[in-house]
Amino acid sequence: MSVLINISDQPISAPELLNDFESRLSSSGGVVSFSGVVRPDGKDTRVLGLFLQSYSPMTENGVEAAVEQALNRWPLEALSVYHRTGKIRTGETIVFVATASRHRRAAFEAADFLMDYLKTEAVFWKKEITETGEVWIEPREQDYQDNQRWQKSETN
Amino acid sequence: MSVLINISDQPISAPELLNDFESRLSSSGGVVSFSGVVRPDGKDTRVLGLFLQSYSPMTENGVEAAVEQALNRWPLEALSVYHRTGKIRTGETIVFVATASRHRRAAFEAADFLMDYLKTEAVFWKKEITETGEVWIEPREQDYQDNQRWQKSETN
Amino acid sequence: MADILYFGRLSDITRKPTESIDLPSDISHARDLRSWAEARFQAAGVFLEPTVRIAVNGEIVDDAHPLANANEIAFMPPVGGG
Amino acid sequence: MADILYFGRLSDITRKPTESIDLPSDISHARDLRSWAEARFQAAGVFLEPTVRIAVNGEIVDDAHPLANANEIAFMPPVGGG
């Protein structure tokens with residue numbers, strides 16, 4: 001197993017990280033990546049960027065615990081989680097998750113699960129920087145519903 | 001909407017294709033990629049590579065129809081499907097799918113759906129080239145079950 | 001002349017991926033071509049398997065589909081890529 | 001001294017992300033610090049919101065959790081990244 005977790009203010013290049021990720025694989029059949037890009041359209045106005053605040057080491061500990069859950073639940077060969085903090089401009093990548101498994105369903109589900117964790121439970125606070133000011137954004141109801149899917153299926 | 005479909009005997013570099021894919025995006029929040037890598041472990045023996053046979057233009061027409069279904073079903077901003085044919089060595093990438101949407105669930109589901117199509121319905125025949133000979137591989141039962149998930153949920 | 005295509009493991013049996021034949025007069029429907037190929041290649045039932053489908057001019061057809069010279073007729077075992 | 005941290009929108013109200021205070025003698029549990037912050041920053045109920053959680057030394061606690069000097073105490077509005 002090869003796991004990388006990185007939470008920092010350094011820029012994220014999804015293609016470069018996917019390239020690094022592939023170089024760590026020996027026998028995986030399926031590789032899934034997710035990248036989240038800062039969108040230009042906010043609630044009411046054009047978004048220039050985000051500011052992401054973390055709380056170390058709670059943020060890191062939480063991501064590690066979610067990664068542990070994913071590893072227990074799916075047969076993964078490798079896993080990467082990169083998340084940016086600080087100021088991130090529109091069009092830049094804020095998060096990158098990659099999973100590898102010989103079963104493609106496992107790779108898809110684990111990436112999906114980790115993204116749901118990052119969107120709803122990971123210890124980050126997010127501020128939108130728009131043309132008209134700055135506003136803190138808390139998760140949408142949809143994000144919580146997405147995350148609850150995994151709790152339901154725990155009981156299967 | 002930006003759609004690319006490519007079925008050819010040219011090598012596939014998932015990081016390069018993800019880089020191209022990202023450059024086609026303007027406002028997507030979520031980008032999902034899947035790459036399928038030829039595994040070294042066959043049923044009984046070490047796999048040196050695969051030989052993929054297609055039937056033009058049925059193969060292309062089928063992929064296009066699946067792409068149309070995905071576009072009708074999920075709000076996607078961009079979509080790529082690359083599939084190799086001919087001889088492909090172990091460790092090389094045989095298939096690459098990327099989807100982009102402002103909703104990450106849509107990007108995940110559409111990529112998953114397209115992979116299920118490619119594994120079970122796409123017009124390819126696959127031969128494993130092993131140390132002890134060559135053997136044609138037809139889809140596993142699991143692949144068919146994966147694909148049927150989408151038919152069930154059509155009735156929702 | 002009709003072009004007959006043999007895909008996947010079928011070409012291991014026929015030892016050729018394709019051939020052009022003048023359809024015999026007793027072959028008028030897809031099911032007849034199954035029997036013809038079965039007998040011709042001594043195929044142990046392979047050409048009669050329901051999962052081996054027939055395509056005519058690029059469209060999957062059922063066994064009752066009529067055949068004619070100038071058709072491109074493909075025998076297709078179960079498909080699947082990636 | 002205890003370090004008090006205000007995350008997310010709370011720092012807009014407190015106008016500082018963190019401060020060190022000597023815990024007043026009437027603050028013995030997490031719920032007391034909520035009332036204290038509420039009064040101190042005239043926060044219109046924000047510090048009493050159940051979705052604003054309190055962490056002590058990096059662990060989420062409930063309102064009955066005891067507080068002491070030397071603790072790092074964080075007020076955490078709803079979280080979420082990506």
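Chain letters run A, B, ... following the sequence lines, proteins first, then strands; residues in each count from 1. The figures here come from the full heavy-atom set of this structure, side chains too, leaving out hydrogens, waters and symmetry mates. Values in this document were obtained by computation on a predicted structure and should not be read as measured data.
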For M58(B) and E59(C), run side chain to side chain contact (heavy atoms under 4.5 Å, CB included): C-alpha distance rounded to whole Å, both residues' side-chain angles, the deciding distance at 0.1 Å, then the answer.
CA-CA 8 Å; M58(B) 260 186 99; E59(C) 299 286 343; over 6 Å; no
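- Counting heavy-atom pairs under 4.5 Å between each of G36(B), A122(B), P57(B) and chain C puts A122(B) at the top.
- Comparing F124(B), F96(B), F34(B) by heavy-atom pairs within less than 4.5 Å of chain C, the highest count is held by F124(B).
- Heavy atoms closer than 4.5 Å to chain C are found nowhere in S35(B), neither backbone nor side chain.
- Y55(B) and F7(C) have tilted rings, their planes meeting at an angle from 30° to 60° on a 0 to 90° scale.
- Taking L118(B), V95(B), T93(B), T85(B) one by one and counting their heavy-atom pairs under 4.5 Å with chain C, the maximum is reached by L118(B).
- Annotation: residues 15-32 of chain C contacts chain B through no residue [non-hydrogen atoms, separation under 4.5 Å].
- With hydrogens and angles ignored, the 3.5 Å screen pairs a side-chain donor or acceptor of K126(B) with a backbone N or O of G81(C).
- By the 6.0 Å contact criterion, CZ on R40(C) is enclosed, its count of non-hydrogen atoms from other residues, nucleotides or ligands being greater than 12.
- In this structure, E138(B) and R9(C) have side chains that are in contact, with non-hydrogen atoms separated by less than 4.5 Å.
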